[in-house]
Colleague: 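Once you've had a glance at the structure underneath, I'll fire off some questions.
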Amino acid sequence: MTAAAAFELAQVNIARLKAPLDSPQLKDFVDALDPVNADADGADGFVWRLQDDSGDATNVPVFGDSWLIINMSVWRDTDALSAYMYQGRHREMLARRREWFERVQEAMVTMWWVPAGHRPTVAEAESRLLHLRTHGPTPYAFTLRTSYPPQGATPLLGEVPEGLGCSV
């Protein structure tokens with residue numbers, strides 16, 4: 001097994017809703033969830049995504065804030081993630097994100113390497129995102145613009161301190 005194959009890329013992005021998920025303002029977003037998730041599931045390099053019994057993660061709590069929604073997935077590498085993100089229905093959704101989500105100052109997206117087969121938890125994702133907000137991109141938590149190769153990646157198990165969520 002090559003060093004790269006020993007690791008997979010975890011990504012999390014969170015968003016602050018402008019309106020409730022069942023509102024007319026978010027109808028197009030909610031209607032596109034299943035097709036966009038199906039595109040991800042079938043994308044080259046896709047490994048796993050966080051979902052509950054409904055098939056998406058819109059009901060999975062993050063940072064204890066009911067106005068935040070989470071998307072978390074694991075990919076073969078940054079190239080596979082980028083290829084999916086910037087094409088097809090997902091690209092169309094990105095173009096419309098300001099209709100559905102608040103603009104925030106702090107980092108809402110981060111990536112990190114995990115051992116192949118590891119499925120990150122929400123607590124792990126919250127910790128990685130807080131690390132990026134505090135320290136900027138590092139091998140521990142980074143962005144597509146400033147990414148790092150896999151090396152010695154280990155999953156983080158820990159709790160997020162109270163009050164260190166999204167402060168918008």
Colleague: Can you name the salt bridge (charged side-chain N to carboxylate O under 4.0 Å, His left out) partners of D79, sequence neighbours left out?
Modeller: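 So D79 forms no salt bridge (charged side-chain N to carboxylate O under 4.0 Å, His left out) with any residue.
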Colleague: Is any side-chain heavy atom of M85 closer than 4.5 Å to one of L144?
Modeller: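 In short, these two side chains touch, coming nearer than 4.5 Å.
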Colleague: Under 4.5 Å between any side-chain heavy atoms of L50 and S73, yes or no?
Modeller: no
Colleague: Less than 4.5 Å apart, side chain to side chain, heavy atoms only: is that true for M111 and S147?
Modeller: no
Colleague: Is any side-chain heavy atom of D41 less than 4.5 Å from a side-chain heavy atom of R49?
Modeller: yes
Colleague: For a 4.5 angstrom cut-off between non-hydrogen side-chain atoms, does L9 reach D77?
Modeller: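 Not in contact.
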Colleague: Salt bridge (charged side-chain N to carboxylate O under 4.0 Å, His left out) with D53: which residues, sequence neighbours excluded?
Modeller: none
Colleague: For T58, what residues pass the side-chain hydrogen bond (donor to acceptor under 3.5 Å, both in side chains) criterion, not counting sequence neighbours?
Modeller: D56
Colleague: Quick check: closest heavy atoms across F142 and L132, and the distance to 0.1 Å?
Modeller: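 Nearest pair, atom of F142 first, then L132: CA-CD1, 4.3 Å.
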Colleague: Is it true that a side-chain atom of K18 and a backbone atom of L26 form a donor plus acceptor pair closer than 3.5 Å?
Modeller: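 Such a contact is absent between K18 side chain and L26 backbone.
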Colleague: I want to check something: taking the side chain as every heavy atom from C-beta on, are L68 and L17 in contact at a cut-off of under 4.5 Å?
Modeller: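 No. Closest side-chain heavy atoms not under 4.5 Å.
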Colleague: What residues form a side chain to side chain contact (heavy atoms under 4.5 Å, CB included) with V109, not counting sequence neighbours?
Modeller: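 Side chain to side chain contact (heavy atoms under 4.5 Å, CB included) list for V109, sorted by chain: N13.
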Colleague: Determine whether E124 and W112 satisfy the following criterion, side chain to side chain contact (heavy atoms under 4.5 Å, CB included), listing intermediate values before the conclusion.
Modeller: CA-CA 10 Å; E124 182 178 347; W112 66 100; 3.0 Å; yes
Colleague: Looking at V74 and P120, what are the two nearest heavy atoms and their distance?
Modeller: CG2-CD, 3.6 Å
Colleague: What closest approach, in Å, do W113 and P149 show between heavy atoms, and which atom pair accounts for it?
Modeller: NE1-C, 3.5 Å
Colleague: Quick check: does any side chain N or O of Q25 sit under 3.5 Å from a backbone N or O of A19, one acting as donor and the other as acceptor?
Modeller: no
Colleague: To the closest 0.5 Å, what do you measure between CE (M72) and CG (L129)?
Modeller: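 Taking CE in M72 and CG in L129, the distance rounds to 11.5 Å.
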Colleague: Who are the side chain to side chain contact (heavy atoms under 4.5 Å, CB included) partners of Q87, not counting sequence neighbours?
Modeller: none
Colleague: Checking L94 now: which residues fulfil side chain to side chain contact (heavy atoms under 4.5 Å, CB included) with it, not counting sequence neighbours?
Modeller: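 Side chain to side chain contact (heavy atoms under 4.5 Å, CB included) check on L94 returns Y86, H90, R97.
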Colleague: Could you list all the ring pair (Phe, Tyr, Trp, His ring centres under 6.0 Å) pairs where at least one residue sits in residues 30-52, not counting sequence neighbours?
Modeller: F46-W75
Colleague: Only one of N71, T110, T78 forms a side chain to side chain donor-acceptor pair (under 3.5 Å) with Q11, so which one is it?
Modeller: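 Result: among N71, T110, T78, N71 is the only option passing the side chain to side chain donor-acceptor pair (under 3.5 Å) with Q11.
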Colleague: Tell me if a side-chain donor or acceptor on Y140 pairs with a main-chain N or O of H135 at a distance below 3.5 Å.
Modeller: no
Colleague: Check whether any side-chain N or O of R133 sits under 3.5 Å from a backbone N or O of A107 as a donor-acceptor pair, and report yes or no.
Modeller: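 Checking the backbone N and O of A107 against the side chain of R133, a donor-acceptor pair under 3.5 Å is found.
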Colleague: Compare all side-chain heavy atoms of V122 with those of V60 and state whether any distance is below 4.5 angstrom.
Modeller: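 Yes. Closest side-chain heavy atoms under 4.5 Å.
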Colleague: Determine, step by step, whether E8 and R119 satisfy the salt bridge (Lys or Arg N to Asp or Glu O under 4.0 Å) criterion, reporting the C-alpha distance in whole Å, the side-chain angles of both residues, the deciding distance to 0.1 Å, and the verdict.
Modeller: CA-CA 10 Å; E8 295 167 331; R119 301 299 171 249; 3.4 Å; yes
Colleague: Mind checking side-chain hydrogen bond (donor to acceptor under 3.5 Å, both in side chains) for R91 and listing every partner two or more places apart, or none if nothing turns up?
Modeller: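 Testing R91 for side-chain hydrogen bond (donor to acceptor under 3.5 Å, both in side chains), a comparison that skips the adjacent residues, returns none.
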Colleague: Checking D31 now: which residues fulfil salt bridge (charged side-chain N to carboxylate O under 4.0 Å, His left out) with it, not counting sequence neighbours?
Modeller: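 K27.
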Colleague: First locate atom CE of M93, then atom CG of D39, and finally report the distance between them rounded to the nearest 0.5 Å.
Modeller: 10.5 Å
Colleague: Taking C-beta and beyond as the side chain, do V12 and M108 meet within less than 4.5 Å on heavy atoms?
Modeller: no
Colleague: Does anything in residues 136-148 form a salt bridge (Lys or Arg N to Asp or Glu O under 4.0 Å)? List the pairs, not counting sequence neighbours.
Modeller: none
Colleague: Only counting residues at least two apart or in another chain, list the ones meeting side chain to side chain contact (heavy atoms under 4.5 Å, CB included) with D28.
Modeller: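 So D28 forms a side chain to side chain contact (heavy atoms under 4.5 Å, CB included) with R96, W100.
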Colleague: Could you pull out all residues at least two apart from D34 that satisfy side-chain hydrogen bond (donor to acceptor under 3.5 Å, both in side chains)?
Modeller: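 Residues passing side-chain hydrogen bond (donor to acceptor under 3.5 Å, both in side chains) with D34: none at all.
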Colleague: For the atom pair CG (N59) and CG (L21), what is the distance rounded to the nearest 0.5 Å?
Modeller: 7.5 Å
Colleague: Look at the aromatic rings of F101 and F29 and report parallel, tilted or perpendicular, splitting at 30° and 60°.
Modeller: perpendicular
